[in-house]
Protein chains: 2
Amino acid sequence: MNSDFSIAVHCVAYLAEKQNQRVTSEDISQSVSVHPVRLRKILSILRKENIIASKEGAKGGFSLNAQPEQITLDKIFRITSEETLVPKCPDSNDNCIIGKHLSDVLIRIFHNAEEHFLNYLKGVTVQDIINEIHNNSSKSSFHA
Amino acid sequence: MNSDFSIAVHCVAYLAEKQNQRVTSEDISQSVSVHPVRLRKILSILRKENIIASKEGAKGGFSLNAQPEQITLDKIFRITSEETLVPKCPDSNDNCIIGKHLSDVLIRIFHNAEEHFLNYLKGVTVQDIINEIHNNSSKSSFHA
DNA sequence: ATAAACTGTAATCATTATTATTACACTTAG
DNA sequence: CTAAGTGTAATAATAATGATTACAGTTTAT
């Protein structure tokens with residue numbers, strides 16, 4: 001798995017902190033320590049899902065386009081990294097009953113497991129993260 | 001994430017099918033399509049956890065050392081891949097309150113999410129997989 | 001006792017995945 | 001019309017993964 005998901009969350013949290021301001025990819029890259037071009041690629045897919053908005057040209061940049069309490073992490077995960085938890089099994093061997101069917105079985109198991117993973121992320125919002133960062137842990141709702 | 005976990009599951013399922021026989025890494029590699037040296041490395045850590053047994057020398061090889069109904073996938077995952085779901089966040093930036101704390105927050109969230117993932121795997125045993133392979137889906141217990 | 005068939009493990013090489021960078025077309029504000 | 005941005009493709013650098021080679025050690029059988 002690459003780090004697109006955590007970078008995306010970082011970006012969204014950063015934009016949530018800068019409510020209503022327009023922020024450049026250069027600016028965000030100061031906080032995330034990732035190259036602006038890569039950020040723009042990730043931000044671009046968040047925009048397509050209407051989580052953020054962007055504006056080109058001078059004084060352009062990115063801004064949040066949804067309520068921090070409404071953005072759940074499972075959504076960001078699905079956008080950036082869906083199915084990446086399912087491992088790439090080596091090519092199955094048709095001459096062996098195990099080799100032949102195990103990949104299918106494993107993929108099914110992983111798919112289910114990923115759903116459980118996502119189900120947890122569904123309970124965590126960007127606002128929760130903001131709260132955690134400011135140590136308002138009373139408002140935080142992400143617990144095991 | 002590398003494919004150590006799925007390879008390990010494959011090996012264990014294969015050994016479960018060959019109950020009480022001793023099988024060489026060469027033999028297993030026919031089924032898994034992975035180099036014997038790599039298999040031995042993975043089998044070696046399963047042995048340290050007493051899931052399988054190995055014997056060196058002529059007529060040596062690997063065999064299962066636990067009941068297939070008792071081996072849950074979360075155990076194999078913990079042995080081979082624990083914490084690999086937690087993404088490597090880019091270096092946090094001390095000059096920025098978001099950059100500074102977000103990695104910690106994200107790591108905590110991922111850790112929790114991984115526990116949910118593992119909790120699902122805890123409900124799936126190697127015997128379930130064997131059953132699935134033989135299509136005895138009535139005995140199977142892994143459902144979302 | 002020694003040859004053959006194994007495991008155990010380190011070290012190296014090849015391949016693939018990830019990330020950074022360069023380049024440039026396009027948009028907008030002033 | 002220029003400066004400051006986004007959007008995106010193409011390439012280069014780096015890191016992770018996997019295969020292979022090499023060889024020491026163990027066990028069986030002759």
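Throughout, a chain's letter reflects where its sequence line sits, starting with A, and its residues are numbered from 1.
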Hey, what are the protein-to-nucleotides 24-27 of chain D N/O distances that come in under 3.5 Å?
unit_1	atom_1	unit_2	atom_2	d
D/dT26	O4'	B/Glu56	OE1	3.1
D/dT26	O2	B/Gly57	N	3.2
D/dT27	O3'	B/Lys55	NZ	3.0
D/dT27	O2	B/Ala58	N	3.0

All side-chain hydrogen bond (donor to acceptor under 3.5 Å, both in side chains) counterparts of A/Asp104, not counting sequence neighbours: none
Contact nearer the 5' end of DNA chain D, comparing A/Gly61 with A/Val37: A/Gly61
Ranking C/dC6, D/dT17, C/dT18 by distance to the side chain of B/Asn2, first place goes to D/dT17
Considering residues at least two apart in sequence or located in another chain, which fulfil the side-chain hydrogen bond (donor to acceptor under 3.5 Å, both in side chains) criterion with B/Glu114? none
Residue pair B/Ile28 / B/Leu43, side-chain heavy-atom distance below 4.5 Å: yes
Output every pair passing side chain to side chain donor-acceptor pair (under 3.5 Å) with a member in residues 45-58 of chain B, not counting sequence neighbours, ordered by first then second residue. B/Arg47-B/Ser54
Check ring pair (Phe, Tyr, Trp, His ring centres under 6.0 Å) between A/Phe110 and all other residues, then give those that pass, not counting sequence neighbours. B/Phe5, B/Phe117
Provide the full list of side chain to side chain donor-acceptor pair (under 3.5 Å) pairs with a residue in residues 35-46 of chain B, sequence neighbours left out, each pair given once. B/Asp4-B/Arg38, B/Ser25-B/Arg40
Contact list for DNA chain C against residues 38-45 of chain B - heavy-atom distance below 4.0 Å: B/Arg40, B/Ser44
By a strict heavy-atom criterion of less than 4.0 Å, which residues belonging to residues 3-19 of chain B are in contact with DNA chain C? none
Value rounded to 0.5 Å, distance of CG in A/Asp128 from CD1 in A/Ile133: 11.0 Å
Just jot down the ring pair (Phe, Tyr, Trp, His ring centres under 6.0 Å) partners of A/Phe62, sequence neighbours excluded, or say none. none
Report yes if some heavy atom in the side chain of A/Gln67 is under 4.5 Å from a heavy atom in the side chain of A/Val126; otherwise report no. no
Measure across A/Gly60 and A/Arg22 and return the closest heavy-atom pair with its distance rounded to 0.1 Å. C-CD, 3.5 Å
To the nearest angstrom, how far is B/His35 atom NE2 from C/dT15 atom P? 14 Å
Relative orientation of the end axes in the helix from C/dA1-D/dT30 to C/dG30-D/dC1, expressed as an angle to the nearest 10° (five pairs per end): 0°
Going by the rule side-chain hydrogen bond (donor to acceptor under 3.5 Å, both in side chains), which residues pair with A/Ser81 if we only count those two or more places apart in sequence or in a different chain? none
Is there a side-chain contact between B/Ser54 and the phosphate of C/dT7, meaning an N or O under 4.0 Å from OP1 or OP2? no
Distance-minimising heavy-atom pair for A/Ala16 and A/Ile130: CB-CD1, 3.9 Å
Could you work out which one of D/dA19, D/dT6, C/dT21 sits closest to the side chain of A/Phe62? D/dT6
Round to a whole Å and report the spacing from CZ of A/Arg22 to P of D/dG5. 12 Å
What verdict does the side-chain hydrogen bond (donor to acceptor under 3.5 Å, both in side chains) test give for A/Asn131 and A/Gln127, after you've listed the backbone C-alpha separation in whole Å, the side-chain angles of each residue and the deciding distance to 0.1 Å? CA-CA 6 Å; A/Asn131 290 343; A/Gln127 186 61 52; 3.0 Å; yes
Of all heavy-atom pairs linking B/Leu39 and B/Ile7, the shortest is CD2-CG2, 3.6 Å
Show your reasoning for whether side-chain hydrogen bond (donor to acceptor under 3.5 Å, both in side chains) applies to B/Asp27 and B/Tyr14. CA-CA 10 Å; B/Asp27 185 349; B/Tyr14 187 83; 2.7 Å; yes
Using a strict heavy-atom distance below 4.0 Å, which residues from residues 46-53 of chain A are in contact with DNA chain D? A/Arg47
Flag side-chain contact, heavy atom, 4.5 Å: A/Tyr120 against A/Leu73: no
